[in-house]
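Keep in mind that what you see is a predicted model, and the values were worked out from it rather than measured.
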Amino acid sequence: LWADKYKPSQLEEVIGNVSTTKQLYSWLSGWSDVHITKSFKPRFTKQNPGAKAALLSGPPGIGKSSSAALVAKKLGYEVTETNASDAR
């Protein structure tokens, strides 16, 4: 597919939703300290930095999956993608 051929391969190549991608990066970079080593206990805010999961929502084609995969890749996480349509 065209979208797969030209999708960004690095986080810096993502165009649009830059602030949301930065927020996701910030949250995921502290995830291990909060949930694995428990060396940091964040205060609760509207963004909920202590959450165990992130929910990305929006219309199709805006780069939710691509951004999430690139953020995880940059931080050294292995990505496993599951879509609701896979369970039908």
ring-ring contact (aromatic ring centres under 6.0 Å, His included) partners for Tyr6, two or more places apart: Trp2
Crowding at NZ, Lys7 (>12 non-hydrogen neighbours, <6.0 Å): no
Contacts of type side-chain hydrogen bond (donor to acceptor under 3.5 Å, both in side chains), residue Glu12, not counting sequence neighbours: Lys74
Partner residues of Ser19 under the side-chain hydrogen bond (donor to acceptor under 3.5 Å, both in side chains) criterion, sequence neighbours left out: none
Same cluster (ILVMFWY, side-chain, under 4.5 Å), Val14 and Val79: no
Main-chain N/O of Lys64 paired to Asn17 side chain as donor or acceptor, under 3.5 Å: no
Distance, nearest 0.5 Å, that separates OG of Ser67 from CD1 of Ile62: 8.5 Å
Contacts of Leu1 that satisfy side-chain contact (heavy atoms from CB on, under 4.5 Å) - sequence neighbours left out: Asp4
Value rounded to 0.5 Å, distance of CG in Asn48 from CG in Leu55: 12.0 Å
Residues forming a side-chain hydrogen bond (donor to acceptor under 3.5 Å, both in side chains) with Ser57, sequence neighbours excluded: none
Partners meeting side-chain contact (heavy atoms from CB on, under 4.5 Å) with Thr45 (sequence neighbours left out): Gln47, Pro49
Over 12 non-hydrogen atoms of neighbours within 6.0 angstrom of CD1 in Ile36: yes
Considering all heavy atoms, the nearest Ala68-Leu56 contact: CB-CD1, 3.7 Å
Residues 22-29 side chain polar contacts: donor-acceptor under 3.5 Å, at least two apart:
{"unit_1": "Trp27", "atom_1": "NE1", "unit_2": "Ala51", "atom_2": "O", "d": "3.4"}
{"unit_1": "Ser29", "atom_1": "OG", "unit_2": "Tyr25", "atom_2": "O", "d": "3.2"}
{"unit_1": "Ser29", "atom_1": "OG", "unit_2": "Ser26", "atom_2": "O", "d": "2.9"}

Residues clustering with Phe40 (ILVMFWY side chains joined when closer than 4.5 Å, directly or via others): Val34
Residues forming a side-chain hydrogen bond (donor to acceptor under 3.5 Å, both in side chains) with Thr80, sequence neighbours excluded: none
Residue pairs fulfilling side chain to side chain donor-acceptor pair (under 3.5 Å) with at least one residue in residues 30-42, sequence neighbours excluded: Thr37-Ser39
